[in-house]
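Note that the numbering runs from 1 along the sequence shown for the chain. Heavy atoms only: backbone and side chains are in, while hydrogens, waters and symmetry mates are out.
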Amino acid sequence: MKDLTTGNVGRLILNFAMPMLLGNVFQQLYSIVDSIIVGKYLGTEALAAVGASFPMIFTLISFVIGIGSGFTIVISQYFGAKQMENVKRSIDTLYIFLLLASTFVTLIGIFFAKPILELTRLPEEVLPLAVTYLQVYFAGTITFFGFSGTSAVLRGLGDSKTPLYFLVISTLANIVFDLLFVLVFDFGVEGVAAATVISQAGAFFTLAFYLTRKHEILRINWRKYVFDRPIFKKALKIGVPTGFQQTFVALGMMALFGIVNTFGTETVAAYTIAMRIDGFAAMPAMNFAAALAAFVGQNIGANKFHRVRSGLTATFIMTAVVSLCVSMISFFFRRELIGVFTNNAEVIELGQRYLLIVSWFYIIFSSMFVVNGVMRGAGDTLIPMFITLTALWIVRVPISYFFAGKIGIDGVWWAIPAAWGVGLGLSYIYYLTGKWRSKAVVKAG
């Protein structure tokens, strides 16, 4: 646990963000190795199937993860206010919610994978592979939510290091199982999904065992858990807008895949690879923004609003430097990066074209995330939700649809930075109004 209300602002945020960033590096490393194994050894159709499955996975889990982020903010503000009994009750309530939610998501994912994927106009040769992948993947939903929820709790308490250690082990295990199931046992895409399920389960159970022995407040004991309705309502007030935002973002991704899918299997494969690279590019911004949100939550809970602006400035500088470095690598080595995943010349050409257009705009994306991190830390998630949905559904999806018919797939690629620019502009304008300051759910007392 780490108190973020005292000490050097920039150093605190950097030290808090780095374990999360390293953890996500390993997660993305898994995603990249996973895609390389699939693309090189199972073929273009399998790679497209795994990539096309992601929006559905994101759609079904995003609302629950959004609610979990509401608990992170509530926990961070209670912890900043030193209200430890409320911290414990918040944790209990989160775990009960995640147990029920994971059961529901598992059933939906297993039984409705095929009809949902059919709505995206997935190529016929890809559809059966994607259905198989999803049905195996969703069998592990409960442990995925368990690990994500526990990590969210620890972040709210100022601990971003503990989840990192278990995430690293999980990621390495995932890569080993991938190689074993695909190259040795020839299980195909179901083996790739099974590797993910097994490694996620291992991460959650070992983390739960460790915390039960080490931290009284984090001890998992279902018989003693208490569901606190007032705390749940506070978390919902913060988390529901984020959950809806994530859900509609995921639905937007499915709509975009519906457009991309019409260009054929090679384009879907190229888009899948490009998203993996985008994932790496987005990591610094997302993790620094999460660190900033926890920092803001604790300082608002302690009534130290003066530290918030300093936190925003320091975080923006750090993410800008990283984003520019990532942009240069993605631009100048775009063909080599795409070529790591596939030997298909058409896929490489389509993928490098994506990076040629998008890579120089990563700094806009990172700045948008950082500004929104302030609002989320304050507990103001409603306006960021509307901003995100505006950028996606009023800018990106319509532009993609319109220009895809005019200039081809490049129109879909150009819609991405256009949406980021609108999102950043609206987010910064709202930040300047200062209305987010009044949204704190916990006061120091």
Side-chain angles (χ1 to χ4, degrees), residues 19-20 22-35 37-38 50-51 53-69 72 94-95 97-110 113 130 132-155 160-182 185 187-212 218 220 246 250 276 279 283 286-287 290:
M20 290 191 294
L22 289 173
N24 275 293
V25 165
F26 275 90
Q27 275 191 319
Q28 292 296 329
L29 176 63
Y30 152 70
S31 295
I32 286 176
V33 172
D34 181 72
S35 295
I37 293 172
V38 173
V50 173
S53 299
F54 177 73
M56 180 176 166
I57 294 171
F58 189 31
T59 299
L60 291 181
I61 70 173
S62 56
F63 188 77
V64 178
I65 298 301
I67 300 297
S69 71
T72 299
L94 171 61
Y95 279 130
F97 165 73
L98 289 177
L99 177 63
L100 298 174
S102 63
T103 302
F104 175 76
V105 170
T106 297
L107 295 175
I108 295 295
I110 291 176
T132 299
Y133 178 85
L134 283 170
Q135 289 176 334
V136 176
Y137 184 94
F138 276 110
T141 303
I142 187 169
T143 54
F144 171 77
F145 280 165
F147 184 80
S148 297
T150 304
S151 299
V153 168
L154 290 169
R155 286 196 301 271
S160 58
K161 292 183 179 179
T162 300
L164 167 65
Y165 305 140
F166 291 89
L167 186 58
V168 169
I169 296 173
S170 172
T171 300
L172 295 176
N174 207 331
I175 293 172
V176 171
F177 283 126
D178 260 351
L179 294 169
L180 182 66
F181 291 164
V182 174
F185 296 135
F187 285 165
V189 292
E190 57 264 50
V192 176
T196 301
V197 170
I198 293 171
S199 60
Q200 285 177 349
F204 172 60
F205 289 125
T206 53
L207 177 60
F209 178 76
Y210 169 78
L211 293 176
T212 296
L218 296 171
I220 295 178
Q246 297 280 55
R276 294 288 185 263
M283 268 194 315
M286 296 175 71
N287 287 282

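Note that CD1 of Ile57 is 5.0 Å distant from OH of Tyr137, once rounded to the nearest 0.5 Å. Rounded to the nearest 0.5 Å, atoms OG1 (Thr143) and CD1 (Ile198) are 10.5 Å apart. Remark: Thr106 OG1 to Ile142 CD1 distance equals 7.0 Å, nearest 0.5 Å. Rounding to the nearest 0.5 Å places CG of Leu207 at 5.5 Å from OG1 of Thr150. To the nearest 0.5 Å, atoms OG1 (Thr72) and CD1 (Ile65) are separated by 9.5 Å. To the nearest 0.5 angstrom, Phe138 atom CZ is 10.0 Å from Ile108 atom CD1.
Nearest heavy-atom pair across Gly146 and Phe204 is C-CD1, 3.2 Å. The two residues Asp178 and Ala195 have their closest heavy-atom pair at OD1-CB, 3.4 Å. Of all heavy-atom pairs between Ser102 and Thr141, the closest is O-CG2, 3.9 Å.
Residue-environment remark: CE (Met286) stays at or below the threshold of 12 foreign heavy atoms within 6.0 Å.
Counting heavy atoms from C-beta outward, Val64 and Phe97 have side chains that approach closer than 4.5 Å. The closest side-chain heavy-atom distance from Leu167 to Phe147 is below 4.5 Å.
The closest donor-acceptor contact from the side chain of Gln135 to the backbone of Ile110 lies under 3.5 Å.
Residues that satisfy the side-chain contact (heavy atoms from CB on, under 4.5 Å) test with Val197, not counting sequence neighbours, are absent from this structure. Taking the ring-ring contact (aromatic ring centres under 6.0 Å, His included) definition, one finds that Phe181 meets it with Phe177, Phe187, sequence neighbours left out.
Pairs engaging residues 197-208 under the side chain to side chain donor-acceptor pair (under 3.5 Å) rule: Asn174-Ser199 [sequence neighbours left out].
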